[in-house]
Amino acid sequence: MHLTRLALESKKNLTFVFEVKKDKKYKIGLQPKSSDYDEEIDEVTLTLDTKKYAKSYNKLQDPEKALQAYTEVLYLNKENVDYDKYVTADKTAVIEEQKKAFNEELKGAFSNSLTDKAKKDFFNMYKDVLKEKASVKTNVIANANNKAVVEVEYTTLDLSDLYSYVSQLKRAYTDETKDYDTQHSEEFAASKFKDIVNELETKEGSRPLRIFMVKEDGKWTVKSSDLYSDSLGKTFGSSYIR
């Protein structure tokens, strides 16, 4: 422990960091030590009432509100009144990242046979089901100097079964029609995509995502370029569920 030596009648500001619970009162004991080891000095007791700091505590939760709104509005097509208040983002770029991840899943299931229009339609169908079935819960774990770390507990659609559903439909088409043209069987499976995406199970992440955020011009945004930040686009656009 670092010891600070003070001369008689002198003052010094000291910073102590410890965990507290909201709306609780605490008594903090500080035990000064004298350079005269035989001298006993009474403990200094300070009272901390966290209710007095409710306003600043609530302010610290802003990144949490921002990321909740950011995720719900951009990835899940939901409405959130906090979005305009707390969030700044390049909507087009964010959604394109999600769409890119989703198209990679389609490529694996449909062998690259889909038109751009079909991919767009399927993405919109997928987002409609995400809106209904997916959910997020955010929790800020660090916030200082216009930077924050927010954890996200989430449930999303499990796209890992997409290939299996498409393969089953292609086989069913071939068995029924005796038509062995793979393009025809893929077209049949594609015509059933709305049913497929509605059949997909939801899956809860095994651990929270950890997202880094920065405050720009009074609002919060995701620092997606951070190497240690998890990817929301992959999480809500692919089978990447941790």
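Worth saying up front: this structure is predicted, and the values here are computed from it rather than measured.
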Counting only pairs under 3.5 Å, give me each side-chain donor-acceptor contact of residues 180-190, with atom names and distances, residues two or more places apart or in other chains.
residue: D181; atom: OD1; partner: Q183; partner atom: N; Å: 2.9
residue: Q183; atom: NE2; partner: E187; partner atom: OE2; Å: 3.3
residue: H184; atom: ND1; partner: D179; partner atom: OD2; Å: 2.7
residue: S185; atom: OG; partner: T182; partner atom: O; Å: 2.8
residue: E186; atom: OE1; partner: S113; partner atom: OG; Å: 2.3
residue: E186; atom: OE2; partner: S111; partner atom: OG; Å: 3.2
residue: E186; atom: OE2; partner: K170; partner atom: NZ; Å: 3.1

Please table the atom pairs, donor to acceptor, closer than 3.5 Å between any side-chain atom in residues 138-152 and protein atoms at least two apart or in another chain.
residue: T138; atom: OG1; partner: E64; partner atom: O; Å: 2.9
residue: T138; atom: OG1; partner: Q68; partner atom: OE1; Å: 3.1
residue: N143; atom: ND2; partner: L60; partner atom: O; Å: 3.1
residue: E151; atom: OE2; partner: R210; partner atom: NH2; Å: 2.9

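From F102, atom CZ reaches atom OG of S239 across 11.5 Å, with rounding to the nearest 0.5 Å. We find the CZ-CZ distance between F193 and F122 to be 6.0 Å, quoted to the nearest 0.5 Å. In this structure, CG on L114 lies 15.5 Å from NZ on K120, to the nearest 0.5 angstrom. Put simply, CD on E105 and CZ on F123 are 12.5 Å apart, with the number rounded to the nearest 0.5 Å. Atom-to-atom distance recorded for K203:NZ and T156:OG1 is 11.0 Å, nearest 0.5 angstrom. For the atom pair NZ (K223) and CD (E216), the distance works out to 10.0 Å, reported to the nearest 0.5 Å.
By the 4.5 Å heavy-atom criterion applied to side chains, L106 and Y126 are not counted as neighbours. Side-chain atoms of L169 and I196, non-hydrogen and from C-beta on, do get closer than 4.5 Å to each other. Looking only at side-chain heavy atoms (C-beta outward), V136 and T155 stay at 4.5 Å or farther from each other. Between S238 and Q98 there is no side-chain heavy-atom pair separated by less than 4.5 Å. Taking the side chain as every heavy atom from C-beta outward, V222 and I211 approach each other to under 4.5 Å. Contact check for Y165 versus E199: side-chain heavy atoms found under the 4.5 Å cut-off. Residues V87 and K219 form no side-chain contact, since every pair of their non-hydrogen atoms from C-beta on lies 4.5 Å or further apart. Counting heavy atoms from C-beta on, the side chains of Y70 and Y75 come closer than 4.5 Å.
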Run the side chain to side chain contact (heavy atoms under 4.5 Å, CB included) check on T71 and L232 step by step: do they pass? CA-CA 8 Å; T71 307; L232 290 168; 4.0 Å; yes

Test side chain to side chain contact (heavy atoms under 4.5 Å, CB included) on L209 and Y154 and set out the steps. CA-CA 8 Å; L209 301 175; Y154 66 96; 3.5 Å; yes

Applying side chain to side chain contact (heavy atoms under 4.5 Å, CB included) to L130 and N77, what does each step give before you reach the verdict? CA-CA 8 Å; L130 273 183; N77 270 6; over 6 Å; no

Working note: W220 + V214, criterion side chain to side chain contact (heavy atoms under 4.5 Å, CB included); need CA distance, chi angles, decisive distance, verdict. CA-CA 6 Å; W220 290 91; V214 293; 5.5 Å; no

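Remark: K119 NZ is packed, more than 12 non-hydrogen atoms of other residues, nucleotides or ligands lying under 6.0 Å away. Residue E79 qualifies as open at atom CD: its count of foreign heavy atoms under 6.0 Å is 12 or below. Around CD of Q168, the count of heavy atoms belonging to other residues, nucleotides or ligands within 6.0 Å exceeds 12. In this structure, K234 places its NZ atom where only 12 or fewer heavy-atom neighbours from other residues, nucleotides or ligands lie under 6.0 Å away.
Nearest approach of S231 to E97, heavy atoms of both residues: OG-OE2, 3.4 Å. Taking every heavy atom of both residues into account, L74 and A89 meet most closely at CD1-CB, 4.1 Å. Minimum interatomic distance between M213 and A66 (heavy atoms only, all atoms of both residues): CE-CB, 4.1 Å.
In this view, K133 and V129, L157, T202 satisfy the side-chain contact (heavy atoms from CB on, under 4.5 Å) rule, not counting sequence neighbours. With sequence neighbours excluded, the residues satisfying side-chain contact (heavy atoms from CB on, under 4.5 Å) with T92 are D90, E96. Qualifying side-chain contact (heavy atoms from CB on, under 4.5 Å) partners for K107, counting only residues two or more places apart in sequence or in other chains: E104, N112. By the ring pair (Phe, Tyr, Trp, His ring centres under 6.0 Å) test, Y83 pairs with no residue at all, sequence neighbours left out.
The pair R171-D175 does not count as a salt bridge, with every side-chain nitrogen at least 4.0 angstrom from each carboxylate oxygen.
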